[in-house]
Amino acid sequence: MEYDCSFLTNLKLDGEVSQSHSDLGNHAGDFGTREADEVEPDVVVFAESTADVAAVVKAANDHGVPVTPYAAGTGLEGNATPIASGISLDTTRMDAVRDIRPDDLQIDVEAGIIGDEVNEALERYGLFFPPLPSSGAISTIGGMIATDASGQRTVKYGEVADWILELEVVLADGSVIEAGSKAAKTSSGYNLKELLIGSEGTLGIITRATLELAGRPEQVKGGRAVFPTLNNATEAISDAITSGVDVAKIELIDDQTAMLANEYADVDLPKQPMVFVEFHANHGIEEEIDFCRTIFEGHDLDRMEIASGEKMERLWQVRKDITYAAEEHEPDLDIGPPGDVTVPISRYPEMIAEVVAVAKEYDFFIPCFGHAGDGNLHYFVLADYDNPDEAARAREAYAELVERAIELDGTATGEHGIGIGKQKFMEQEHGTAAIDAMRAIKRALDPKGTLNPGKIIPSEKSVEDGQ
């Protein structure tokens, strides 16, 4: 449907309204949107202030025009795809650091700031924002909060959500609220902050955030451990976490992924599963590394290499190259939708075994890797997605793994959000009553369905049809 957005010309905005072909095309989807599923908005608004966001949303709500928030477009589940067309509201120009309060370990930032820029601003204070995901160099703080993002450091520092103190948010009627508090704790009123985190712009649009900070660790070391079998590696990870090893990152790649890395980087790694670790401490880091090594040796550790600085980065490079390696493995194959399931750490070995079994059952190459310390597993079902029959089988294999994760007391998504791609798993994971409660909240805060329509909550029709 095409919407008349001419009313935007009557608004006195600090930012820009664009209908250029390139801007519409650039906002038709995000990283996770296949070209065939892209939808161009009718107009793109580049907001430069909270007042801009409030004015655009209020006017759109009054005129019955949908608004899809857009951050950096790095989402993987179509979160920012304007499937109902209308307005794509881009907040990337709202990228200022408002205030830094080192004595309170707090920083106020606008939603469009890139994650790494936050840490750059904090460097002279010896502080950092600990839960920043691996995509921190390309993703905005607002987008991370909206999708309830996390990353490799979650095992030590928790999710982005755990470090959010206060949010400024524009609601569907254009009103501006503050949710949360700059105080270290509060039990005042409904916890609107937690409701808005992870809502993917369906309940409100984040314009400012107060982030909690921590001191930069004085000691950082890391590297990788090689195991003879995948079962050895996954059990070693589970044992290390339950034994209380103080590790900042603990990542897994299976032997298939190691093979991809060898092809991509032209290195000579053993085709064996590897566990990547990183330790942060102010003192006693060697004792923690020795503790971890002892745990790993109980699971037939082949070898463990630990270093610091640039040598540590070189040891970790294989883990960082995984997506690129998978994309270049075979020109005729696509990686498809990225798996992002999370299970309790004790069930992690079972989840890995399920990937192996499904790959064999469907005869697909399914490399797996992930933030193993918090039970988060990523996987790709490599297939020819231009072949309808093969694409259907690949999506079936992908879905079977998501469903199995839910059966293992896990979740369909650990850090990418629901968007469009994971809607069909919501009923199984949460149950009918919980989905109805979500719909009631959406109706209460956005009765006209203005904000990011068609995301997260499955339509009642699709549930009835069993889709």
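Throughout, numbering of the chain's residues begins at 1 and tracks the sequence. For the numbers below, each heavy atom of this structure counts, side chains included, while hydrogens, waters and symmetry mates do not.
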Using a strict cut-off of less than 4.0 Å between a Lys/Arg side-chain nitrogen and an Asp/Glu carboxylate oxygen, indicate whether [X] and [Y] qualify as a salt bridge.
X      : Y      : value
Arg93  : Glu48  : yes
Arg101 : Asp99  : yes
Lys311 : Glu305 : no

To the nearest 0.5 Å, what is the distance between [atom1] ([X]) and [atom2] ([Y])?
X      : Y      : atom1 : atom2 : result
Thr229 : Asp254 : OG1   : CG    : 12.0 Å
Ile306 : Phe279 : CD1   : CZ    : 5.5 Å
Thr91  : Asp52  : OG1   : CG    : 11.5 Å
Ser150 : Asp162 : OG    : CG    : 9.0 Å
Ile197 : Leu192 : CD1   : CG    : 11.0 Å
Leu301 : Ile295 : CG    : CD1   : 12.0 Å

*Under the side-chain contact (heavy atoms from CB on, under 4.5 Å) criterion, do Leu195 and Tyr190 qualify, and how do the steps go?*
CA-CA 9 Å; Leu195 178 63; Tyr190 294 146; over 6 Å; no

*Kindly assign one of parallel, tilted or perpendicular to the pair His416 and His378, based on the angle between their ring planes and the thresholds 30° and 60°.*
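Because their plane-to-plane angle is under 30°, the rings of His416 and His378 count as parallel.
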
*asked:* Over 60° means perpendicular and under 30° means parallel, so tell me whether His329 and Phe365 are parallel, tilted or perpendicular.
replied: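 Rings of His329 and Phe365: tilted, 30 to 60°.
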
*Apply the salt bridge (Lys or Arg N to Asp or Glu O under 4.0 Å) test between Glu77 and each candidate in Lys424, Lys422, Lys455, Arg34; give the one that qualifies.*
Lys422

Between [X] and [Y]: side-chain donor-acceptor atoms closer than 3.5 Å:
X      : Y      : result
Thr74  : Ser139 : yes
Glu429 : Thr411 : yes
Asn452 : Glu200 : no
Glu168 : Thr207 : yes

Please check: side-chain N/O of [X] versus main-chain N/O of [Y], any donor-acceptor pairing under 3.5 Å?
X      : Y      : value
Asn376 : Val341 : yes
Thr202 : Ser199 : yes
Glu212 : Trp163 : no
Gln272 : Phe227 : yes
Arg208 : Glu110 : no
Thr210 : Asp108 : no
Asn79  : Gly75  : no
Thr186 : Ser188 : yes
Glu390 : Asp384 : yes

*Please collect all salt bridge (Lys or Arg N to Asp or Glu O under 4.0 Å) contacts where either partner lies in residues 225-251, sequence neighbours excluded, each pair once.*
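The answer is Lys156-Asp246, Lys249-Glu278, Glu251-Arg319.
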
Could you tell me whether the side chain of [Y] reaches within less than 4.5 Å of the side chain of [X], counting heavy atoms only?
X      : Y      : answer
Val318 : Ile253 : yes
Tyr157 : Phe128 : yes
Leu122 : Leu213 : yes
Met426 : Ile418 : yes
Lys182 : Asp104 : no
Arg303 : Pro270 : yes
Tyr70  : Pro41  : no
Ile177 : Leu171 : yes

[X] to [Y] - nearest heavy-atom pair and separation:
X      : Y      : result
Ser308 : Val220 : CB-O, 3.6 Å
Ala209 : Ile145 : CB-CD1, 3.7 Å
Thr81  : Val39  : CG2-N, 4.3 Å
Gly373 : Ile345 : O-CD1, 3.9 Å
Ala47  : Val53  : CB-CG2, 3.8 Å
Arg393 : Tyr362 : NH1-O, 2.8 Å

*Hey, which of Tyr398, Tyr385, Phe369 is the one that makes ring-ring contact (aromatic ring centres under 6.0 Å, His included) with Phe380?*
Phe369

_Phe46 ring center within less than 6.0 Å of His27 ring center_ = yes

*asked:* Holding to side-chain contact (heavy atoms from CB on, under 4.5 Å), I want the full list of residues that pass it with Tyr125, two or more places apart in sequence or in another chain.
replied: Ile100, Pro102, Leu127

*Under the side chain to side chain donor-acceptor pair (under 3.5 Å) criterion, do Glu218 and His280 qualify, and how do the steps go?*
CA-CA 8 Å; Glu218 295 180 11; His280 294 181; over 6 Å; no

*Please assess Thr92 against Asp90 for the test side chain to side chain donor-acceptor pair (under 3.5 Å), listing each intermediate value before the final yes or no.*
CA-CA 6 Å; Thr92 54; Asp90 188 310; 2.5 Å; yes

*With Leu89, which of Thr68, Val44, Val170, Val45 fulfils side-chain contact (heavy atoms from CB on, under 4.5 Å)?*
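Single pass found, and it is Val45.
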
*Going through the checks in order, is the side chain to side chain donor-acceptor pair (under 3.5 Å) test met by Glu166 and Ser181?*
CA-CA 5 Å; Glu166 184 180 72; Ser181 171; 5.5 Å; no

_Steps toward side-chain contact (heavy atoms from CB on, under 4.5 Å) verdict (Ile457, Ile435)_ = CA-CA 7 Å; Ile457 305 171; Ile435 298 297; 4.1 Å; yes

*Report the C-alpha separation of Asp30 and Leu76 in whole Å, then their side-chain angles, then the decisive distance to 0.1 Å, and conclude whether the side-chain contact (heavy atoms from CB on, under 4.5 Å) test is met.*
CA-CA 7 Å; Asp30 58 21; Leu76 296 173; over 6 Å; no

*Could you walk me through whether Ile138 and Phe31 pass the side-chain contact (heavy atoms from CB on, under 4.5 Å) check?*
CA-CA 12 Å; Ile138 56 174; Phe31 277 9; 4.1 Å; yes

*Around Glu35, counting heavy atoms of other residues, nucleotides and ligands shown, do more than 12 lie under 6.0 Å from its CD?*
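Incorrect, the count does not exceed 12.
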
*asked:* Could you walk me through whether Asp321 and Gln317 satisfy the side chain to side chain donor-acceptor pair (under 3.5 Å) test, starting with their C-alpha distance in whole Å, then the side-chain angles of each, then the deciding distance to 0.1 Å, before giving a yes or no?
replied: CA-CA 6 Å; Asp321 288 342; Gln317 191 61 46; 3.0 Å; yes

